[in-house]
Peer 1: 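Have a look at this one before I ask anything.
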Protein chains: 2
Amino acid sequence: MIITRQADYAIRCVLFLASKPVGIATMIGEIADSMGIPKSFLAKILQRLSKAEIVSSIRGVRGGFVLKRDVSDINLLEVIQSIDGPVAINRCAIDKHICGRSCNCSVHPIWIKLRALIQDYLSAVTFDKLVDTKGSIGTQKISLEGEIYGQRLSVR
Amino acid sequence: MIITRQADYAIRCVLFLASKPVGIATMIGEIADSMGIPKSFLAKILQRLSKAEIVSSIRGVRGGFVLKRDVSDINLLEVIQSIDGPVAINRCAIDKHICGRSCNCSVHPIWIKLRALIQDYLSAVTFDKLVDTKGSIGTQKISLEGEIYGQRLSVR
DNA sequence: TGAAAGAGGATATAATTTGTCCTGTTTATG
DNA sequence: CATAAACAGGACAAATTATATCCTCTTTCA
Ligand code: SF4
Ligand code: SF4
């Protein structure tokens, strides 16, 4: 029900790269230090992000990583999926064949719908909406204004 | 990111009990057989459902389990929570103190909002909306268009 | 050529999930 | 009262997954 640490690391990593000037490669070590990620673990994560065409790697001396696409063209959903695989709350929403009851199950459609809801939400969050919001949540494009369960959302 | 098998079993179990006439206790064995759940595993699950006041247990000869409340007063969220604990996509949405970065993290508010979305959705699905829909999925009662019995489920 | 940097496989460790078993307690019933 | 049916709850075993490190290989710049 919870994304893995790897996926959270991946998001941090993309967020960090998104804050860098385009065209400047960043080494694994720098990302790892800045974002508090174990370096050799991050190396693995970047391999997956690379396969998903979210980042580009540059090998050799003076190498590193760069975002492969514009920040506005990378969203939370695909970063998570590139690491954790399909997003869903129950497995049957990913593949109904893994459960023999799915055809007669009245709960199954709930998971399908909820999955769509979550995916829609996550895919709408692109990284241009996440960068440079530090310390200013509430005044930004992401509609977080208002209250959630009586608690004012504020990041300081 | 995915509910445990236990939680799915719990939902099946409540669904089964919800289909029984009120006041009739059902033994673990019968629920287990009907819903395809390992019997001794289900016993554990029922203990948790009992602690959460979702079911009542009746001990001794002719004992078994009954729903403790009306089907319309039991929803998916609380059944899941009684088994898996708090529902969220990222741990920091449950307790921001587990991540030292949460105060300066621009992604954190996203998880808070998404969690509220999911919880609202799941708590709107009560078991009276799930019973007796077997075999009629896709006809009208539960549609994938976001309505259940004509009531809009989405939480904006 | 050689040092810097990523690629990728193998492996280790820990945590969680799934499930069983055994003993004890409650209770209807003859 | 005795007994068997049924749940309660702790201990524990097995499997799976998550987290993380290490080592060797390849690429590339200077
Ligand atoms: S029982 Fe229903 S909800 Fe649970 S996994 Fe099977 S299909 Fe999905
Ligand atoms: S980094 Fe941000 S999103 Fe990830 S856990 Fe910490 S607060 Fe939550």
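So you know, we letter chains A, B, ... as the sequences are listed, proteins then strands, and number each from 1. Quick caveat, the model's predicted, so the values are computed rather than measured.
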Peer 1: Could you identify which residues of residues 40-60 of chain B place a heavy atom less than 4.0 Å from some atom of DNA chain C, listed by residue number, or say none?
Peer 2: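 Here the set is B:Ser40, B:Phe41, B:Lys44, B:Arg59, B:Gly60.
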
Peer 1: Could you report the tightest heavy-atom contact between B:Ile2 and A:Ala88, atom names first, then the distance?
Peer 2: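 Distance-wise, the nearest heavy atoms are CG1-O, 3.2 Å.
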
Peer 1: Can you measure B:Arg12 atom CZ to C:dT18 atom C1' for me and round it to whole angstrom units?
Peer 2: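 Atom-to-atom, B:Arg12 to C:dT18, this comes out as 14 Å.
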
Peer 1: Using whole Å, what does the distance between atom P of nucleotide C:dG19 and atom CD of B:Gln6 come to?
Peer 2: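 Going from CD in B:Gln6 over to P in C:dG19 covers 9 Å.
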
Peer 1: For B:Met27 and C:dT27, give me the distance from atom CE to atom C1', rounded to whole Å.
Peer 2: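 That distance rounds to 15 Å.
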
Peer 1: So, for A:Val66 and A:Gly23, which heavy atoms are closest and what is the spacing to 0.1 Å?
Peer 2: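 Shortest heavy-atom contact: CG1-N, 4.1 Å.
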
Peer 1: Do B:Asn90 and B:Leu114 make a side-chain contact, defined as non-hydrogen atoms from C-beta onward lying under 4.5 Å apart?
Peer 2: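 No, side chains not in contact.
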
Peer 1: Kindly state each residue pair satisfying side chain to side chain donor-acceptor pair (under 3.5 Å) with at least one member in residues 28-43 of chain B, sequence neighbours excluded.
Peer 2: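 Those involving residues 28-43 of chain B are B:Lys20-B:Glu30.
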
Peer 1: Are B:Phe127 and B:Leu76 close enough, and set up right, to give a side-chain contact (heavy atoms from CB on, under 4.5 Å), and what steps lead you there?
Peer 2: CA-CA 7 Å; B:Phe127 278 82; B:Leu76 275 184; 3.9 Å; yes

Peer 1: Rounding to a whole Å, what distance do you find between B:Ile3:CD1 and C:dT18:C1'?
Peer 2: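 The distance from CD1 of B:Ile3 to C1' of C:dT18 comes to 15 Å, rounded to the nearest Å.
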
Peer 1: For the pair made of CZ in A:Arg91 and P in C:dT18, what is the distance, rounded to whole Å?
Peer 2: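 My rounded result for the distance is 7 Å.
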
Peer 1: Given atom OH of B:Tyr9 and atom P of C:dT18, what is their separation to the nearest angstrom?
Peer 2: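 Checked: the OH to P distance equals 8 Å.
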
Peer 1: If you assign B:Phe65 and A:Ala7 each to the DNA chain D nucleotide with the nearest heavy atom, which residue ends up on the more 5' nucleotide?
Peer 2: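 Per heavy-atom nearest nucleotide, the more 5' residue is B:Phe65.
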
Peer 1: Give the rounded distance in Å between these two atoms: CD1 of B:Ile2 and P of C:dT16.
Peer 2: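 Going from B:Ile2 (CD1) to C:dT16 (P), I get 17 Å.
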
Peer 1: Give the nucleotide from the list D:dT28, D:dA4, C:dT20 with an atom nearest to the side chain of A:Val61.
Peer 2: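 Of all the options, the side chain of A:Val61 is nearest to D:dT28.
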
Peer 1: Drop me the distance from B:Arg12's CZ to B:Ile31's CD1, to the nearest 0.5 angstrom.
Peer 2: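 With rounding to 0.5 Å, CZ (B:Arg12) is 13.0 Å from CD1 (B:Ile31).
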
Peer 1: Can you tell me how far P of D:dA30 sits from CZ of A:Arg62, to the nearest Å?
Peer 2: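 Distance check: A:Arg62 CZ to D:dA30 P gives 8 Å.
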
Peer 1: Base, sugar-phosphate, or nothing: which does A:Gly64 touch, judged by heavy atoms less than 4.0 Å apart?
Peer 2: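 It contacts sugar-phosphate atoms only.
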
Peer 1: Do B:Ser123 and B:Asn75 have side-chain atoms, one donor and one acceptor, less than 3.5 Å apart?
Peer 2: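 Looking only at side-chain atoms, B:Asn75 and B:Ser123 do not form any donor-acceptor pair under 3.5 Å.
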
